Protein chains: 2
Amino acid sequence: MVANRAGASITTVSRVLNAVPVAVSAALRQRILAAAKELDYRPNALAVSLRKGGATKTIGLLIADISAPYFHVLTRGVEDAAQEAGYTVILCDTDRNPQKELKYLDVLYRKQVDAVIFAGGGVDDDRHLHGRNWGSIAVVTVGPHTLPVPRVEVDDRAAIAAAVAQLVEQGCRRIACISGQQNWLVSERRRDGYRQGLIAAGLPIDERLDWPSAFTLETGEACTKQALDAGLEFDGLVAFTDEGAIGAMRALKTAGLRIPEDVAVVGCDDTRIAPLTDPPLSSLSFPLHQMGVVAVEIVLAMKSGLAVENRRFPFELRVRTSSQRSK
Amino acid sequence: MVANRAGASITTVSRVLNAVPVAVSAALRQRILAAAKELDYRPNALAVSLRKGGATKTIGLLIADISAPYFHVLTRGVEDAAQEAGYTVILCDTDRNPQKELKYLDVLYRKQVDAVIFAGGGVDDDRHLHGRNWGSIAVVTVGPHTLPVPRVEVDDRAAIAAAVAQLVEQGCRRIACISGQQNWLVSERRRDGYRQGLIAAGLPIDERLDWPSAFTLETGEACTKQALDAGLEFDGLVAFTDEGAIGAMRALKTAGLRIPEDVAVVGCDDTRIAPLTDPPLSSLSFPLHQMGVVAVEIVLAMKSGLAVENRRFPFELRVRTSSQRSK
DNA sequence: TTGTATGCGTTATCAA
DNA sequence: TTGATAACGCATACAA
C-alpha cells in the first residue's frame, strides 16, 4: 500500500525502507519515505521472519511464577538484555508443572522463538525435557537443571553449606532446615548443601530436623510450629527461601523464642524483604539480574555460532541480625 | 515435508492436521498422522497468522518494571488469563519512559500483537500516546490513564482518602504524604485523594507535608529524614507505595519515634511485604490478580466485537499495627 | 477422496 | 534506476 501511494513498486519500497545499497532516485525515495510516514507504515514482522528464514527476535522465558520473589530481578535482567539486543520476551509461568512446561514449549516452537531460557531450577530432573530435539532453538538453563545445554548457575550446595557454617560459628549445634518440594531440583541441591554443612562441622544429621515445605511463608510457619509442638529442640535454622524463613520466625516469635538468641535464622535468595523483617533476616544473595543478562548473552552467542561456556556466579552470605549473636 | 514423507499433498496434510470436516481415507490419514508425529511437526505460527489475516494470539503487556512489587501479581493475572485463552504475553518493561514505550509499541505493531495492555498508570498524561491509530489492536489500560480506551481501575483518590480518614480517626491531625513522581498520573490521583481526605476531615493543607518521592524505600527514607531534620511536626503519614512507607518507618525509628504512637503510617498496594514489617504495615489493597485477568477478558471481548465497559474495582484498607493505636 | 493453484507481506533474484 | 516474479509455510477456493 505504501508502494501504491508512492507510485512505486513494492520492490523499490522495500529497498528504500531497508536502506539496501542500490541507487534509487532522490525523487522516488522522497515519495516513498513520505508515503510510509503518512501511512505510519511498519513492516509485518511475521512476513519478514517467514521470508528471511525463521529468526523472530523472540525469547521464551520459562519460570515457575512471576509473582514469586526469586524471579522478579532475574526476569528484569533477561528483559533488559533482550531489549538491548532488539529481542522480545515471552513470559511463561509454568508453576514448575511439567504439563504446563510442555504446553508452553509447544507454543514457543510454533511461534518460532529463537531461544528458550529455563530459569529457577527443574522439576523431577527435567525428565520430560530430556532427549528432545530443540531444532534451531538456543536453550540455556538458569539455576539447577540437568538439561545438556549451557548453564548459568550458582553453587547452591556451597551456598547453603556456608549458611550452616555461619550458624555453627554462632554456636548453633542443632540446625534445622526448611527445605522445599522433594522433586524440585533446587531443593535437592540445597538439601545436599545443608548436609554437607553439617558434616563439615562434624555435626550429626538428624532427619527430624529436615522439614519439607513449599517455599512459602505459610508452609514455613506451619512446619516450624509443628516441630515446636512436637518438642523438637534446635538452635539454628536455615530456610531455602526468605519467605520460608519469615514464616519460621513468626512461629518462633509466637512460641516466645528469641531470634537469634534462642534460634538463629538464615534465609535464601536475599529478596527485598530480607532486610526489612524483624529482626532483619540473614540471607544468601545471588546476582540475579546479572544472571538474567548473561543467560540472554549466552543464547545470543549460540545463535551466532560462537562457542559458549557454562557460567557460574558467586553467592554472598549477607549476615544480618537474625543470625548474628552478640557476644 | 510432512506431505512428502506421507506421500500426500500439503492440502490433505493441512486438512488432517486441522481436523477439517472433509472426508479423508483412513489409510492416508494414518500415514499423515504418523509422519507428523515422527517429524515432531508443528505448524509455523508465523505462516498461519500471515495466511489467516493477522491474529497472532499475542498480547503486549507494558509495565513500568517487573521487579517493582505492584506488577508481580498483576502480571501473573494477565498471564494466567492469557494462557487460559491460548494467548501469549510479551513482557515490556518501560520504566514509564515514553521513549521506551514508543519503541516497544513499534515492535509490538510489527509483531502484529492482537492487544496491548498498559498497566500501572501513565506518565505525563500519556501525551505521547494520544491521537494514535491503534489499527486492529485492542487496547486497555489498568490504573490511572487518560487514553480513550476501556479502563480497569480502582478509585485511587478514594483509596488514599480512606487512608487519611483512618489516620484522622486514630487522632492524627498533621498528616504527611510521601507522594511520587510529579509527572506520574498515579501520583497525581493519589495526591488528590490525600488532599480530599484532609479536606473531608476539616484539616488544613500544608504543602510542607507533601513530600515528592520516587516510590522506593530509599527515597521514602530520605524525604522522611529530611522532614525530621527540618523539624517538621507530623503525627500521621501516608505513602503511595509500601516501600516508601517502609523507608519512612526506618527514618522514624532511627529518630527514636514510635509507630504508631508518635507517627501512624499507612502504605499503598498491600504488597507481600506489608504484613511482615515491624510493625506490620497498614496498607491499601487492590485486587491486582483479578484486575490482570479482567484486562485480558476485556481485550478478548474487544477482539470479538463485543461491547465492553470500564471496570472499576473496590479497594480495601488493611489496617495493621502501623496505624492502629491502642486506646 | 484428493490435489492444484492462489495469496497473506515481505525480501531476493533476475530481467529490463 | 526500476520492476516483475518467485518463494517463505500455510489455508482455502476450486478442480478433478
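Note that this is a predicted model, so its numbers are computed, not measured. First the proteins, then the strands, lettered A, B, ... as listed; each starts at 1.
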Participant: Over how many whole Å does the gap from A/Arg110 atom CZ to D/dA11 atom C1' extend?
Facilitator: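 Checked: the CZ to C1' distance equals 14 Å.
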Participant: Between B/Leu39 (CG) and D/dC10 (P), how many Å, whole number?
Facilitator: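 My rounded result for the distance is 12 Å.
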Participant: Where each residue is assigned the nucleotide of DNA chain D containing its nearest heavy atom, which of B/Val48 and A/Gly7 is assigned the position nearer the 5′ end?
Facilitator: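 By nearest-heavy-atom nucleotide position, the 5'-most residue is A/Gly7.
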Participant: Quick one: on DNA chain C, does B/Arg29 or B/Leu50 contact a more 5' nucleotide (nearest heavy atom)?
Facilitator: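 With B/Arg29 and B/Leu50 compared, the 5'-side residue is B/Arg29.
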Participant: For the residue pair A/His72 and B/His72, does the interplanar ring angle fall in the parallel (under 30°), tilted (30 to 60°) or perpendicular (over 60°) class?
Facilitator: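 The arrangement is parallel - the two ring planes meet at less than 30°.
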Participant: Show the atom names and distances, to 0.1 Å, of all donor-acceptor pairs under 3.5 Å that link a side chain in residues 51-64 of chain B to residues at least two apart or in another chain.
Facilitator:
{"unit_1": "B/Thr56", "atom_1": "OG1", "unit_2": "B/Gln112", "atom_2": "O", "d": "2.7"}
{"unit_1": "B/Thr58", "atom_1": "OG1", "unit_2": "A/Lys111", "atom_2": "NZ", "d": "2.8"}
{"unit_1": "B/Thr58", "atom_1": "OG1", "unit_2": "B/Thr56", "atom_2": "O", "d": "2.9"}

Participant: Salt-bridged, A/Arg132 to A/Asp126, with N to O below 4.0 Å?
Facilitator: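 No, this pair does not count.
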Participant: By nearest nucleotide on DNA chain C, pick out whichever of B/Arg51 and B/Val22 is the more 5' one.
Facilitator: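 Nearest-nucleotide comparison on DNA chain C picks B/Val22.
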Participant: Whole angstroms only, please: what is the OH-C1' distance between B/Tyr109 and C/dG9?
Facilitator: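 Value for this atom pair: 18 Å.
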Participant: Among D/dC10, C/dA12, C/dT10, which nucleotide has an atom closest to any side-chain atom of A/Asn44?
Facilitator: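 Selected nucleotide (nearest to the side chain): C/dT10.
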Participant: Return the value, rounded to whole Å, for the distance between atom CG of B/Asn4 and atom P of D/dG9.
Facilitator: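 After rounding, the reported distance stands at 13 Å.
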Participant: Under 3.5 Å, is there any donor-acceptor pair linking the side chain of B/Thr11 to the base of D/dA11?
Facilitator: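 There is none.
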Participant: Given C/dG9, D/dA4, D/dA11, identify the nucleotide with an atom nearest to the side chain of A/Ala47.
Facilitator: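 Of all the options, the side chain of A/Ala47 is nearest to C/dG9.
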Participant: Please give, in whole Å, the distance from C/dC8 C1' to B/Ile10 CD1?
Facilitator: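 Whole-Å distance recorded here is 14 Å.
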Participant: It should be established whether A/Ser9 places a side-chain nitrogen or oxygen under 4.0 Å from OP1 or OP2 of nucleotide D/dT2.
Facilitator: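 No.
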Participant: Whole-Å distance between D/dG9 P and A/Lys52 NZ?
Facilitator: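 Rounded to whole Å, this separation is 15 Å.
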Participant: The side chain of A/Tyr41 is closest to which nucleotide in this list: D/dA13, C/dT10, C/dG9?
Facilitator: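 Of the candidates, C/dT10 comes closest.
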Participant: Cut-off 3.5 Å, side chains only: do B/Thr271 and B/Asp269 have a donor facing an acceptor?
Facilitator: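 No donor-acceptor contact under 3.5 Å links the two side chains.
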Participant: Is a side-chain donor or acceptor of A/Thr146 paired with a backbone partner of A/Asp125 at a separation under 3.5 angstrom?
Facilitator: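 Checked: pair present.
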Participant: What about A/Arg42, does its side chain sit under 3.5 Å from the base of C/dG9 through a donor-acceptor pair?
Facilitator: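 Not at all, since no donor on one side and acceptor on the other fall under 3.5 Å apart.
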Participant: Considering only side-chain heavy atoms of A/Thr12, which listed nucleotide, C/dT2, D/dT2, C/dT10, is closest?
Facilitator: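 That would be D/dT2.
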Participant: So B/Ser25, base contact, sugar-phosphate only, or nothing? Heavy-atom distance under 4.0 Å.
Facilitator: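 Touches sugar-phosphate only.
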Participant: In whole angstroms, how far is the P atom of C/dT10 from the CZ atom of A/Arg15?
Facilitator: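 After rounding, the gap between these two atoms is 16 Å.
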Participant: Ignoring hydrogens and angles, state whether a donor on the side chain of A/Thr12 or A/Ser9 is under 3.5 Å from an acceptor on the partner side chain.
Facilitator: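 There is such a pair (donor and acceptor under 3.5 Å, judged by atom type) between the side chains of A/Thr12 and A/Ser9.
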Participant: Taking CG from A/Leu28 and P from D/dG3, how many angstroms apart are they, rounded to a whole number?
Facilitator: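 These atoms are roughly 6 Å apart.
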Participant: Just checking A/Leu46: base, sugar-phosphate only, or nothing, at a heavy-atom cut-off of under 4.0 Å?
Facilitator: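 Nothing, no heavy atom under 4.0 Å.
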Participant: Is the shortest side-chain N/O distance from A/Ser14 to OP1 or OP2 of C/dT10 below 4.0 Å?
Facilitator: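 Checking C/dT10 against A/Ser14, no side-chain N or O comes under 4.0 Å of OP1 or OP2.
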